[in-house]
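A short worksheet on the structure shown next.
Sequential numbering from 1 along the given sequence is applied to the chain's residues.
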Amino acid sequence: MKLTINKAKDDFEIIRQTLEQSEKRKYDLSNLLLKFGFINLILSIFSISEIAFSWSINNIMTLVVFVTFKVLLYIYITIVYFKVFKAVHMSSNKYFLGFLMTFGVIGIIFPYVNTLINIIGYWINISMENLMRLMYYNSLLNITLFCISFIICALIINKKILIFFACIIFSLYIFVDVFEIYINFNKLDIGVTGIINSIFTTLGYIGLSFLLKWRHNNEY
C-alpha cells in the first residue's frame, strides 16, 4: 500500500515537472482552451436561440441552418486541436498526450456524434427519454473534461490547491445532479446542472486560458 502511494506521488511529480518545463506546450494549451471556451459560449447562446426559434419555426430549413452553423464551429475547433496536437505530440510525455487524446474524444469527436444523433432523431423520431439521456451524458462528459483540464493547468502552473477546487466543482455538479435541483424562472424549470455545465465549459475554459497566460507573463 505504501509502495503504491509513493509511486502515485512520484508519477504526480513527474507530470508536474514535465508539464512545467515546456513553455510551448503551455502556450498551445492556453490557445486551445481559449478558443474552445469561446466556441462553447457561442454554442450555448446559439442553443438558447435554437430553442426560441423552434417554438415558432419548425421546418427542415431551420434545422439545416442550425446544424450547418454548429458543424462549421466544430470543424474550426477540430483544426485548432489537431494543430496543437501536431505541435506538441513529439515533445510531450505520455500523461499530457493522454490528456490531449481524452480532450479529443470528449471535446472534439463527441459533438459530431451528438449532432449526428440529433439529425437522425429528426427523421426517425427518437424518444424524448433517449434524447434526455444523451443530453445527460453530454453534460457529464463536458464537466468531467473541464475538471481534468483544470487539474492539468494546476500542474502546469504548480498550484496544487487548484486541484482541490476542481474536485469541489465536480462534487458540486454530482450533488446537484443527484438531488435534481431546479430553479424556476418565468414558469420554466431550469436544471442547475445545466447552469453549472454552461458556466464552466464556457467562461471556465476562458478563465483557465488567461490563468496560463498570466502565469507565463509573470515568469518572463
Side-chain angles (χ1 to χ4, degrees), residues 32-33 35-78 81 101-150 166-208:
L32 175 63
L33 295 181
K35 291 180 178 179
F36 191 67
F38 271 118
I39 284 181
N40 281 341
L41 181 61
I42 294 172
L43 288 174
S44 293
I45 296 173
F46 197 75
S47 294
I48 296 174
S49 301
E50 183 178 3
I51 294 173
F53 276 112
S54 66
W55 290 336
S56 57
I57 306 175
N58 187 17
N59 54 55
I60 187 63
M61 184 58 66
T62 305
L63 179 67
V64 170
V65 171
F66 282 133
V67 170
T68 301
F69 185 76
K70 285 184 177 181
V71 170
L72 288 176
L73 290 178
Y74 293 155
I75 291 174
Y76 173 73
I77 196 60
T78 301
Y81 168 79
M101 287 187 285
T102 301
F103 193 99
V105 172
I106 300 176
I108 306 300
I109 296 177
F110 192 77
Y112 288 105
V113 176
N114 190 30
T115 301
L116 180 61
I117 292 175
N118 279 284
I119 293 175
I120 295 174
Y122 183 86
W123 296 104
I124 65 175
N125 294 322
I126 296 178
S127 68
M128 182 58 65
E129 180 182 352
N130 288 332
L131 289 177
M132 292 298 293
R133 186 181 296 115
L134 177 65
M135 291 176 61
Y136 171 78
Y137 290 142
N138 182 53
S139 180
L140 180 60
L141 286 173
N142 282 334
I143 199 68
T144 301
L145 180 61
F146 171 76
C147 291
I148 295 174
S149 302
F150 205 151
C167 294
I168 290 296
I169 292 170
F170 188 76
S171 299
L172 175 63
Y173 179 89
I174 296 299
F175 176 84
V176 170
D177 181 52
V178 169
F179 288 95
E180 298 182 346
I181 301 175
Y182 292 87
I183 295 176
N184 187 276
F185 178 77
N186 196 24
K187 297 182 179 180
L188 181 66
D189 289 331
I190 302 174
V192 176
T193 52
I195 297 175
I196 294 174
N197 184 71
S198 296
I199 292 174
F200 287 112
T201 59
T202 55
L203 302 180
Y205 278 117
I206 296 172
L208 288 180

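Here the side chains of Tyr136 and Asp177 are in contact, with some heavy-atom distance below 4.5 Å. A heavy-atom distance below 4.5 Å is not found between the side chains of Thr144 and Tyr173.
Nearest heavy atoms, Pro111 versus Ile106: CD-O, 3.5 Å. For the pair Lys70 and Leu43, the tightest heavy-atom approach, listed with the atom from each and the gap, is CG-CD2, 3.8 Å.
Taken to the nearest 0.5 Å, the OG atom of Ser44 stands 8.0 Å off from the CG atom of Asn197. Taken from CD1 in Ile199 to CD1 in Ile143, the straight-line distance is 9.5 Å, to the nearest 0.5 Å. Atoms CD1 and CZ, on Ile117 and Phe110 in that order, are 6.5 Å from each other to the nearest 0.5 Å. To the nearest 0.5 Å, atom CG of residue Leu41 and atom CZ of residue Phe38 are 7.0 Å apart. A distance of 5.0 Å separates CZ in Phe150 from CD1 in Ile169, rounded to the nearest 0.5 Å. We find the OG1-CD1 distance between Thr193 and Ile181 to be 9.5 Å, quoted to the nearest 0.5 Å.
Of the listed residues (Thr78, Thr68, Ile39, Asn40), just one forms a side chain to side chain contact (heavy atoms under 4.5 Å, CB included) with Leu73, and that residue is Ile39.
Summarising the local packing, OH of Tyr137 is surrounded by 12 or fewer heavy atoms from other residues, nucleotides or ligands at distances under 6.0 Å.
Not a single donor-acceptor pair under 3.5 Å links the side chain of Asn138 to the backbone N or O of Leu134. In this structure, the side chain of Tyr74 does not engage the main chain of Ile109 through any donor-acceptor pair within 3.5 Å.
A tilted orientation is assigned to the rings of Phe200 and Phe146, their planes being inclined by 30° to 60°.
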Test side chain to side chain contact (heavy atoms under 4.5 Å, CB included) applied to Tyr205 and Leu145, step by step: CA-CA 10 Å; Tyr205 278 117; Leu145 180 61; 3.4 Å; yes
Derivation of the side chain to side chain contact (heavy atoms under 4.5 Å, CB included) call for Phe103 and Ile148: CA-CA 9 Å; Phe103 193 99; Ile148 295 174; over 6 Å; no
